[in-house]
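Structure record follows, encoded as structure tokens.
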Amino acid sequence: LDAETGSLVVRFQGQVATRIPLAPLERIVIHGEAVLSARLLATMWHHDVGLLVLSGRHSEPTARLVGRPHDDAALRLLQYRRAVDPEACGLFGRRLISAKLAGAARLLGRALVLRPDRRKPLGDAAATLARLQARLGATDGALDRDALMGIEGAGAAAFFRAYAMLFPQSLGFAQRRRRPPPDPVNVCLSLGYTLLHHIAVREVQIVGLDPLLGFLHVPERGRESLACDLVEPLRPHVEEWVWRALAERRLRGEHFTYEKGGACLLGKAGRQAFYDGFEPMAAVLRRLLRRMCRELAAELRRDGQSP
């Protein structure tokens with residue numbers, strides 16, 4: 001991969017395979033081995049083009065470039081001030097969890113229209129989400145992190161019990177499992193979440209915030225906690241896309257293989273099908289995350305002006 005006269009140049013076996021204008025690019029995702037020129041890396045950094053490198057077989061993130069850091073140190077100081085304010089963190093976290101529960105409930109409602117044969121599990125999960133939402137709304141003050149994460153965990157457990165009922169048994173999906181993903185649904189969820197997280201890290205950094213310092217997720221070495229915060233209400237978008245892609249057979253069983261240890265892998269043809277379908281939704285999620293980051297930055301600046 002190289003940069004020439006404003007274009008990304010892809011060469012394969014010494015021959016130019018394709019040229020892509022760099023100006024509209026927001027990110028490049030690489031699976032497996034590739035050689036990138038220093039000129040391309042410098043151009044990407046200058047234009048804030050993100051880079052995510054994933055291992056070829058397991059699609060695990062191995063490297064990331066998110067563009068130039070923002071130079072507004074004052075905004076980060078305001079972020080740090082909020083991060084040590086338990087009440088402010090609780091209020092922000094409650095908004096995120098409420099939005100995530102609402103998104104999961106909307107997904108279950110749309111699933112019920114298409115799968116009335118799954119009315120009981122979908123209805124039970126929707127009722128649980130409604131009770132958790134009411135619990136959030138019934139509290140006047142801010143809930144602490146542990147209480148909020150407990151509500152989020154209960155909502156996720158109820159959601160995934162119902163979500164699993166939307167897939168045929170042949171796919172082997174019973175629950176959310178991450179490393180290694182044992183079935184096609186978990187493979188697609190993991191890849192979708194990874195891409196969403198990378199978008200969030202890039203948007204957070206571009207607006208001038210610190211991706212490592214969140215308000216809902218506890219700061220942890222090596223984890224972009226603010227990006228983790230912001231993707232929570234957007235996860236239902238990924239979950240719905242995965243369900244529909246498999247239900248409509250845009251992704252099929254033959255796109256996946258299994259290792260001896262039980263890990264499920266998405267093959268080359270499957271990755272092509274995945275990205276072809278995922279990218280239109282990813283553009284929508286980028287806009288949502290950009291707006292969320294800008295609104296958060298504006299909110300922090302307003303707080304900083306308050307006496």
Side-chain angles (χ1 to χ4, degrees), residues 26 48 50 61 64-104 132-156 193-238 284-307:
E26 294 193 347
D48 293 321
R64 179 185 293 125
L65 176 72
V66 293
R68 294 172 294 172
H70 198 280
D71 58 3
D72 187 356
L75 178 60
R76 294 200 175 195
L77 289 173
L78 294 171
Q79 179 187 0
Y80 301 154
R81 183 186 301 173
R82 174 178 286 193
V84 296
D85 182 342
E87 182 176 359
C89 288
L91 290 171
F92 185 76
R94 183 163 66 173
R95 281 156 43 191
L96 293 175
I97 300 303
S98 178
K100 181 178 182 178
L101 294 176
L132 293 170
Q133 191 75 270
R135 181 179 167 191
L136 280 176
T139 305
D140 293 332
L143 294 169
D144 62 25
R145 278 190 175 119
D146 289 342
L148 287 168
M149 296 307 290
I151 291 173
E152 186 279 330
Y193 293 154
T194 296
L195 297 173
L196 177 61
H197 182 83
H198 176 65
I199 296 170
V201 172
R202 177 178 179 270
E203 296 301 330
V204 165
Q205 179 158 315
I206 286 175
V207 83
L209 296 167
D210 185 343
L212 291 171
L213 194 62
F215 308 123
L216 176 63
H217 290 81
V218 176
E220 187 174 293
R221 186 179 180 88
R223 181 175 71 183
E224 295 103 348
S225 293
L226 182 58
C228 293
D229 287 356
L230 296 176
V231 302
E232 287 297 342
L234 301 183
R235 287 178 182 271
H237 292 273
V238 175
V284 175
L285 298 182
R286 276 195 294 274
R287 290 193 292 271
L288 289 171
L289 280 164
R290 187 165 303 158
R291 186 178 69 191
M292 292 169 69
C293 290
R294 289 173 177 171
E295 289 175 351
L296 175 57
E299 182 180 310
L300 290 170
R301 289 190 176 101
R302 287 194 301 270
D303 290 348
Q305 295 170 356
S306 301

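One is the number of the first residue; the rest follow in order along the sequence.
- A search for side-chain hydrogen bond (donor to acceptor under 3.5 Å, both in side chains) contacts involving Arg76 returns nothing, not counting sequence neighbours.
- For the pair Val238 and Arg235, the minimum side-chain heavy-atom distance is 4.5 Å or more.
- The shortest heavy-atom contact between Cys228 and His217 is O-CE1, 3.5 Å.
- Under the 3.5 Å distance criterion, the side-chain polar atoms of Glu203 are left unmatched by any main-chain donor or acceptor of Cys293.
- To the nearest 0.5 Å, atom CG of residue Leu209 and atom CZ of residue Arg294 are 12.0 Å apart.
- Atom CG in Leu285 sits 6.0 Å away from atom CD1 in Ile199 (nearest 0.5 Å).
- The side-chain hydrogen bond (donor to acceptor under 3.5 Å, both in side chains) check on Ser225 picks up Arg223, with sequence neighbours excluded.
- Just one of Leu213, Val204, Leu296 meets the side-chain contact (heavy atoms from CB on, under 4.5 Å) condition when paired with Gln79; it is Leu213.
- Residues Val284 and His237 have side chains not in contact (no heavy-atom distance under 4.5 Å, counting atoms from C-beta outward).
- Smallest separation of non-hydrogen atoms from Ala83 and Gly214: CB-O, 4.3 Å.
- Residues forming a side-chain hydrogen bond (donor to acceptor under 3.5 Å, both in side chains) with Glu295 (at least two apart in sequence, or on another chain): none.
- Looking at every heavy atom in both residues, Glu26 comes nearest to Arg202 through O-NE, 3.1 Å.
- Of the inter-residue distances, the one linking Leu96 atom CG with Leu101 atom CG reads 11.0 Å to the nearest 0.5 angstrom.
- Under the ring pair (Phe, Tyr, Trp, His ring centres under 6.0 Å) criterion, Phe92 pairs with Phe215, not counting sequence neighbours.
- Taking every heavy atom of both residues into account, Arg82 and Leu300 meet most closely at NE-CD2, 3.6 Å.
- To the nearest 0.5 Å, atom NE2 of residue His198 and atom CG of residue Leu196 are 11.0 Å apart.
- Residues satisfying the side-chain hydrogen bond (donor to acceptor under 3.5 Å, both in side chains) test with His197, not counting sequence neighbours, are Glu224.
- In terms of heavy-atom proximity, Ala227 sits nearest to Ala200 at CB-CB, 3.9 Å.
- Between Leu216 and Ile97 the shortest side-chain heavy-atom distance falls below 4.5 Å.
- Residues in residues 145-155 take part in these side chain to side chain donor-acceptor pair (under 3.5 Å) pairs, two or more places apart or across chains: Lys100-Glu152.
- Taking every heavy atom of both residues into account, Val207 and Leu75 meet most closely at O-CD2, 3.5 Å.
- When atom types are taken as modelled, the side chain of Asp229 and the backbone of Gly93 share no donor-acceptor pair closer than 3.5 angstrom.
- With rounding to the nearest 0.5 angstrom, the CG atom of Leu78 is 8.0 Å from the CG atom of Asp72.
- Annotation: the span from Gln205 atom CD to Asp48 atom CG amounts to 8.5 Å, rounded to 0.5 Å.
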